[in-house]
Number of protein chains: 4
Amino acid sequence: MTERLIDIAALESALEVFAQERNWEQYHSPKNLAMALTGEVGELVEIFQWLTEDQSRTVADDPRTARAVRDELADVLLYLVRLSSSLGVDLNEAVVSKIAANAKKYPAGDSIPKRK
Amino acid sequence: MTERLIDIAALESALEVFAQERNWEQYHSPKNLAMALTGEVGELVEIFQWLTEDQSRTVADDPRTARAVRDELADVLLYLVRLSSSLGVDLNEAVVSKIAANAKKYPAGDSIPKRK
Amino acid sequence: MTERLIDIAALESALEVFAQERNWEQYHSPKNLAMALTGEVGELVEIFQWLTEDQSRTVADDPRTARAVRDELADVLLYLVRLSSSLGVDLNEAVVSKIAANAKKYPAGDSIPKRK
Amino acid sequence: MTERLIDIAALESALEVFAQERNWEQYHSPKNLAMALTGEVGELVEIFQWLTEDQSRTVADDPRTARAVRDELADVLLYLVRLSSSLGVDLNEAVVSKIAANAKKYPAGDSIPKRK
């Protein structure tokens with residue numbers, strides 16, 4: 001049995017109903033959803049592009065940008081979950097399997113040089 | 001109290017431990033994680049770029065691409081959750097709030113022309 | 001001597017002056033410019049995301065979107081040239097060299113199946 | 001008459017011939033080319049994602065990454081020019097017009113705070 005790291009079932013259902021009620025399913029091919037995901041990631045990246053790494057760490061503390069950041073993170077997740085659903089992919093299985101592969105590829109304790 | 005549409009707490013913890021064990025936290029500024037997210041979305045999009053919309057619908061049925069698609073979807077989610085954690089953002093609150101805003105912006109039942 | 005496929009020297013100079021006059025050079029690290037490029041590509045992709053391939057072919061004919069498309073294409077090129085300059089890369093050499101590599105990788109006349 | 005900042009006519013022709021000889025035109029809808037552009041930008045961004053801004057400035061000096069950077073910059077330009085051609089857009093006109101708009105939007109000499 002696959003370990004459970006995420007539960008997104010309620011969101012999947014909510015997004016499916018949301019699309020049905022608006023007759024949007026005709027537009028929600030995986031190809032189109034992948035493009036929409038790109039657009040939202042672009043908007044998210046724009047928030048960080050001129051910031052230093054240090055400034056980026058506190059961006060959600062700033063009342064001027066906090067809401068924008070949360071909204072863009074949400075938009076990315078909404079399209080990602082919608083894309084995953086449209087493909088019939090079990091995102092929890094995908095994540096569990098990918099982390100296992102990553103753990104093999106990057107063994108813990110390998111010495112990593114301190115960043116300059 | 002905010003409705004619960006997703007539960008990603010276990011994944012957030014797993015990714016935090018994973019990064020700590022590899023001394024990766026020094027690299028995981030929100031700015032850098034936003035860039036890493038971009039890279040993964042690019043890999044996901046590459047799977048769909050030459051497909052028709054119809055072909056894109058069945059891409060996860062194909063044993064040659066199913067694993068690739070699941071891996072790329074997982075990679076995007078891993079960096080998105082990591083980015084969200086690094087900013088201290090409650091992704092469930094963000095998603096619930098964004099869906100409410102979308103429902104207001106795009107009222108259900110508005111007539112949407114059938115796609116040509 | 002490298003073949004000449006593009007001449008962007010005048011644009012490179014114009015962008016350098018433009019940045020100097022606005023004191024923007026401090027922000028124009030290659031890392032930041034790569035992020036800005038991402039953001040602009042995201043805006044470009046948004047124009048096409050819900051269109052069919054056929055609709056996408058005529059998008060610049062439509063007075064409502066023609067200017068938007070041209071502006072987004074320009075924005076992508078501006079950041080690409082600026083990024084290239086900031087790295088001291090000769091974009092013409094890069095393009096000539098990449099096309100030669102592509103010609104080797106994808107020989108002309110290889111039979112390509114007609115798209116379904 | 002529009003000022004000339006770039007000349008990409010030879011590249012446009014070369015890419016058109018290259019696509020014709022490989023029967024690729026059937027895949028080169030603007031929608032698909034916009035996605036391919038995204039994928040290439042993702043690969044470019046991956047080079048910079050874990051670097052500091054300072055490290056990013058010298059990335060093309062490093063023999064290990066110089067060729068990779070030049071190749072990714074070229075790939076982005078190739079798809080951008082191909083996309084522009086497929087839409088019948090005059091990229092020089094687009095760039096000249098966008099710079100004029102930017103000059104109006106961001107007047108030179110406006111005091112810009114020194115970056116912290």
Side-chain angles (χ1 to χ4, degrees), chain B residues 15-16 18-60 62 64-65 68-87 115-116, chain D residues 15-16 18-60 62 64-65 68-87 115-116:
Chain B
L15 293 179
E16 200 176 314
F18 199 95
Q20 281 171 348
E21 288 177 347
R22 282 153 189 83
N23 204 15
W24 284 355
E25 288 173 310
Q26 55 187 333
Y27 295 99
H28 284 192
S29 66
K31 184 181 179 90
N32 289 3
L33 291 167
M35 295 186 86
L37 181 64
T38 301
E40 297 302 340
V41 169
E43 294 181 27
L44 181 62
V45 167
E46 284 179 356
I47 295 175
F48 297 101
Q49 64 196 16
W50 306 125
L51 302 183
T52 63
E53 285 184 62
D54 273 348
Q55 289 170 336
S56 79
R57 286 192 180 88
T58 54
V59 90
D62 179 343
R64 288 170 301 177
T65 50
V69 169
R70 287 197 295 263
D71 281 352
E72 298 306 342
L73 288 167
D75 278 336
V76 174
L77 184 60
L78 296 181
Y79 278 121
L80 181 65
V81 167
R82 191 82 185 113
L83 171 56
S84 169
S85 297
S86 76
L87 290 164
R115 199 179 182 193
K116 279 177 290 257
Chain D
L15 292 179
E16 202 176 312
F18 199 94
Q20 281 171 348
E21 288 177 347
R22 281 152 189 84
N23 203 16
W24 283 357
E25 288 173 310
Q26 54 186 333
Y27 294 99
H28 283 191
S29 66
K31 183 181 180 90
N32 290 3
L33 291 167
M35 295 185 85
L37 181 64
T38 301
E40 297 303 339
V41 169
E43 293 180 29
L44 181 62
V45 167
E46 284 179 357
I47 295 175
F48 297 101
Q49 63 195 16
W50 307 125
L51 303 183
T52 63
E53 285 185 61
D54 273 347
Q55 290 169 336
S56 79
R57 286 192 180 88
T58 54
V59 90
D62 179 343
R64 287 170 303 177
T65 50
V69 169
R70 287 197 294 262
D71 282 351
E72 298 307 342
L73 289 168
D75 278 337
V76 174
L77 184 60
L78 295 182
Y79 278 121
L80 180 66
V81 167
R82 190 84 186 112
L83 171 55
S84 169
S85 297
S86 77
L87 290 164
R115 198 179 182 193
K116 279 179 291 259

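Computed over heavy atoms, backbone and side chain alike; hydrogens, waters and symmetry mates excluded. In what follows, chains carry the letters A, B, and so on, assigned in the order in which the sequence lines appear, proteins first and then strands, with residues in each chain numbered from 1.
- Of the listed residues D/Lys31, D/His28, D/Gln49, the one with more heavy-atom pairs under 4.5 angstrom with chain B than any other is D/Gln49.
- Using non-hydrogen atoms only and a strict 4.5 Å limit, the part of residues 34-47 of chain D facing chain B consists of D/Met35, D/Ala36, D/Thr38, D/Gly39, D/Glu40, D/Gly42, D/Glu43, D/Val45, D/Glu46.
- For B/Trp50 against D/Tyr79, the heavy-atom pair with the smallest separation is CZ2-OH, 3.5 Å.
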